[in-house]
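A short write-up of the structure that comes next.
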Amino acid sequence: GRNWRKWCADLFPRRTRVFGSLRSCCVLLWTCRFAIAMADEETKTESVETGENGDAADEAAGEESGSVLSDVLKTPGVLEAVQDRLGALVGMSSGYIENLPEPVKRRIKALKNLQVECLKVEAKFYEEVHALECQYQTQYKQYYDKRSAIVSGGYEPTDAECEWEDDDDEEEEERGGEKADKEAAGKQTEPSVVPVDAKGIPEFWLTAMKNIENLNQQIQEYDEPALQHLTNIELEYTQNPMGFVLKFHFDPNEFFTDAVLTKTYEVKAEISSNNPFAFDGPEVVKSTGCKINWKKGKNVTVKATKKKQKHKGHGQSRVVMKHVKVESFFNFFDPPEAPSEDEEQETEELEKLTFDYELGLFFRDRFIPRAVLYFTGEAIDEEDEFDEEEMDEEDEEGGEGQDPDFVPKAEHNDKPQECKQQ
């Protein structure tokens with residue numbers, strides 16, 4: 001016991017903070033080890049006194065030591081002390097850098113200045129990449145426009161444009177006449193929910209979004225009737241300021257009068273003078289949505305609740321309607337405001353803001369360029385399941401329902417108009 005403790009003291013001298021903490025942990029563990037050893041000796045002594053043989057005594061001692069170890073580790077005070085000591089080691093300096101000679105420290109500062117210059121080159125690289133994306137945007141646009149025309153039914157592709165052989169086609173050929181045999185035997189296949197004479201590809205964008213788990217979680221059941229009118233999602237890069245715009249195009253519908261809903265993201269690739277080493281490429285610094293001009297009774301982002309109010313004077317009560325915000329995909333167009341540099345933000349708001357930025361980048365980099373593969377499910381993989389912190393749902397008082405005047409099948413012929421940026 002003494003030699004083991006001396007070894008700990010020699011290995012972890014008190015003159016450094018990290019090693020001092022490790023030494024304390026070792027002392028705690030040594031205490032546990034000593035208690036277990038004493039229990040072993042007592043067990044062996046008791047076994048000899050009762051006449052047990054050597055093997056039986058060793059086995060009994062082993063079982064007893066295991067029990068003692070378990071009891072010690074379950075002791076809140078001991079376990080908490082060890083965890084606190086080990087947790088304190090995270091981020092601590094070993095003292096090596098602080099104790100280097102001054103000439104060596106001087107050279108390290110020179111290396112840091114070189115590192116800052118390298119980061120400036122990297123920032124310039126990302127700015128030129130963004131300019132190149134803006135340049136190639138026109139070349140992509142012709143294909144995206146044609147995709148939109150096919151999806152909406154405005155253009156019917158030729159036979160040559162429809163030539164594509166995939167795994168499903170090969171499996172169909174291998175099965176040969178299996179389908180014909182089933183039909184001959186009177187077995188009917190499940191009918192398609194999409195009629196044969198349907199135009200374009202119905203619910204293309206809604207289906208593609210619902211195929212992504214975390215994005216599907218943002219789409220509520222009452223959002224789907226409105227999203228069924230989504231005809232295209234367009235990406236537009238901007239240079240001043242550096243960023244991009246997502247444009248969601250809708251057919252005329254009974255929910256809102258806007259033909260296009262927009263979401264703008266501002267991106268920066270700048271090095272902070274206060275903390276230059278925090279630079280890790282371009283980052284989203286701001287997002288701006290647009291006002292949705294909901295038709296009467298069609299706002300799916302709010303819910304009407306009934307609440308009783310009692311008059312303090314005469315004691316009479318009355319029922320008032322209160323509108324509260326509810327979960328909806330269309331909240332995407334009403335993002336939280338980014339805090340200023342001097343302003344602190346609550347954890348929950350910061351998590352929502354981070355998720356909003358990640359979602360915008362996902363639309364830009366993966367979803368819009370590969371929409372057909374998300375529609376078929378071929379592009380789904382683990383990388384697309386971006387993180388989102390779970391939010392506790394608050395229970396609302398009173399009656400449930402969307403907008404108090406919500407009428408699912410109301411017909412309106414208002415002329416759609418594009419919403420303006422706020």
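Residue numbers run from 1 in the order of the sequence given.
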| task | Verify the neighbour count for atom CG of D280: are there more than 12 heavy atoms of other residues, nucleotides or ligands below 6.0 Å? | result | no
| message | Tell me whether K199 at atom NZ has more than 12 heavy atoms from other residues, nucleotides or ligands lying less than 6.0 Å away. | response | no
| task | Evaluate the side chain to side chain contact (heavy atoms under 4.5 Å, CB included) criterion for residues V260 and E234: first the C-alpha distance (whole Å), next the side-chain angles of each, then the deciding distance (0.1 Å), finally the verdict. | result | CA-CA 10 Å; V260 181; E234 186 181 0; over 6 Å; no
| task | Might you work through the side chain to side chain contact (heavy atoms under 4.5 Å, CB included) test for H229 and E254, ending with a clear yes or no? | result | CA-CA 10 Å; H229 296 278; E254 66 269 29; 3.6 Å; yes
| field | Inter-residue atom distance T158.OG1 - E156.CD, 0.5 Å rounding | value | 9.5 Å
| Where the side chain of T207 meets the backbone of F375, is there a donor-acceptor pair that is under 3.5 Å apart? | no
| Is the shortest distance from a Lys or Arg side-chain nitrogen in K146 or E161 to a carboxylate oxygen in the other one below 4.0 Å? | yes
| With a 3.5 Å cut-off and no angle check, do the side chains of D223 and S328 form a donor-acceptor pair? | yes
| Hey, is CD on Q142 packed in by over 12 heavy atoms from elsewhere, all under 6.0 Å? | yes
| request: Supply the atom-to-atom distance R147 CZ to I368 CD1, rounded to the nearest 0.5 angstrom. | output: 7.5 Å
| said: Once rounded to the nearest 0.5 Å, what's the spacing between atom CD of Q218 and atom CZ of F332? | reply: 10.0 Å
| Counting only heavy atoms not in F277, do more than 12 fall under 6.0 Å of its CZ? | yes
| request: For the pair F250 and F330, name the ring-plane relationship: parallel under 30°, tilted 30 to 60°, perpendicular over 60°. | output: tilted
